[in-house]
Amino acid sequence: MRVDIINNTIDMYNTDFSFYKHIDIPPQPNPYSIGYLKERLFDTDTTYLEYLLFGSYPTTYVPYVRVYDENGNNLFSADSLNAYSFSGYGANGQNQSAVINSDSTAILILFKLASGGSSLRNYFRVYSLPGKLEDSCCCNNFANNILRPDSPHRFSFNAFPNPSKGKIILNYELPEGIKKAELTIYSTNGNEMKRYKVTNAFKFVELDNSELPSGTYFYQLLLPDGNFGTKKMILVK
């Protein structure tokens, strides 16, 4: 799957990298993340794909969550709420996703942000979804893993802790044969805040929260062949 947040498109490919489907994303006011592109999660029909989108409004940076179908129809809207997806904050320190399966269905977990981007842990909204997750999910901590269909390279990267009140560690694992890459941090309105040249000699970059204001950011790992991925992190003072 290729997500282009500049041109608001999703291109899907088969496992042999042949083209499968093109989806136009309704224009959004700021950079956003896409997750859970599914056929029977947000409704139970098999006619259209649906997906979860979360972003924020310009100037105010108030977060919002939307569910759209592949035709751009809005199936669900929530303002002043964000998707609950944190690294290391789930059961036994595991990653906590926004959508989890219950006994009979799936549930969507949203939370409210306090001023400065910190989360209000005692303010949650839990929504029952019509469908359930399959064994695997296209959303990995809301990563926009933008993979060129012709690229053999696969990589992993993550931020911990996330949200962070002190220092945050940006871990990365470059593919075999790739010796260098770029790790860039962007504000939610797309401004570049930090850029690092990284190599396969190390596995992480340490960022002191004092170097950036509190808030929500996107961090992107870019390989020399143009293969890249984007994820979200939250810094709290």
Side-chain angles (χ1 to χ4, degrees), residues 1-5 7-57 62-87 89-92 94-113 119-121 123-147 149 154 229-232:
M1 182 177 72
R2 184 200 300 267
V3 180
D4 186 341
I5 64 174
N7 297 306
N8 298 313
T9 60
I10 301 173
D11 286 327
M12 301 179 64
Y13 298 86
N14 298 307
T15 54
D16 63 356
F17 299 129
S18 61
F19 180 76
Y20 170 63
K21 180 175 289 190
H22 173 88
I23 297 174
D24 289 315
I25 303 169
Q28 305 296 313
N30 263 336
Y32 52 86
S33 289
I34 297 289
Y36 302 100
L37 181 62
K38 296 293 180 182
E39 193 174 60
R40 285 180 289 183
L41 176 62
F42 301 107
D43 64 27
T44 55
D45 68 48
T46 57
T47 306
Y48 302 118
L49 293 166
E50 301 87 33
Y51 56 90
L52 182 70
L53 179 150
F54 71 93
S56 61
Y57 292 106
V62 172
Y64 64 84
V65 176
R66 304 283 187 264
V67 175
Y68 294 104
D69 68 18
E70 64 180 70
N71 296 318
N73 298 313
N74 184 211
L75 307 181
F76 173 83
S77 296
D79 287 339
S80 300
L81 295 172
N82 211 333
Y84 185 70
S85 179
F86 294 144
S87 299
Y89 278 79
N92 300 318
Q94 300 300 309
N95 291 348
Q96 174 65 61
S97 299
V99 177
I100 60 174
N101 281 334
S102 64
D103 291 339
S104 59
T105 186
I107 59 175
L108 170 65
I109 306 174
L110 304 181
F111 71 99
K112 189 170 184 178
L113 289 178
S119 60
L120 297 177
R121 305 288 173 130
Y123 187 98
F124 290 91
R125 293 282 181 88
V126 179
Y127 300 86
S128 177
L129 301 178
K132 294 193 72 172
L133 290 173
E134 298 87 355
D135 291 337
S136 63
C137 177
C138 62
C139 177
N140 178 19
N141 198 26
F142 289 100
N144 286 338
N145 289 319
I146 318 300
L147 302 176
R154 298 295 182 268
T230 307
K231 293 187 178 183
K232 186 185 78 168

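Among all heavy-atom pairs drawn from Tyr36 and Ala98, the shortest one is OH-N, 3.5 Å. Summarising the geometry of Val99 relative to Ala106, their closest heavy-atom pair is CG1-CB, 4.0 Å, with the distance given to 0.1 Å.
Asn73 CG to Tyr68 OH: the interatomic distance, rounded to the nearest 0.5 Å, is 10.5 Å.
Listed by first and then second residue, the salt bridge (Lys or Arg N to Asp or Glu O under 4.0 Å) pairs that reach into residues 18-29 are Lys21-Glu70, sequence neighbours excluded.
The side-chain contact (heavy atoms from CB on, under 4.5 Å) test with Glu50 singles out one residue from Leu37, Asp45, Asn71, and that residue is Asp45.
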Legend entry - Chi angles and distances behind the side-chain contact (heavy atoms from CB on, under 4.5 Å) call for Lys232, Phe54: CA-CA 11 Å; Lys232 186 185 78 168; Phe54 71 93; 3.1 Å; yes

Inset, instruction - Using the side-chain contact (heavy atoms from CB on, under 4.5 Å) rule, take Val3 and Met12 through it: C-alpha gap first, then chi angles, then the decisive distance, then the call. - result: CA-CA 9 Å; Val3 180; Met12 301 179 64; over 6 Å; no

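Taking the side chain as every heavy atom from C-beta outward, Ile23 and Tyr51 approach each other to under 4.5 Å. In this structure, Tyr57 and Asn30 have side chains that are not in contact, with every pair of non-hydrogen atoms separated by 4.5 Å or more.
Heavy atoms from other residues, nucleotides or ligands lying under 6.0 Å from OH of Tyr20 number 12 at most.
Partners of Asp11 by side chain to side chain contact (heavy atoms under 4.5 Å, CB included), not counting sequence neighbours, listed by chain and number: Arg2, Tyr13, Phe19, His22.
Using modelled atom types, no side-chain atom of Asn82 and backbone atom of Leu110 make a donor-acceptor pair closer than 3.5 Å.
Side-chain polar atoms of Asp43 and Tyr48 form no donor-acceptor pair below 3.5 angstrom.
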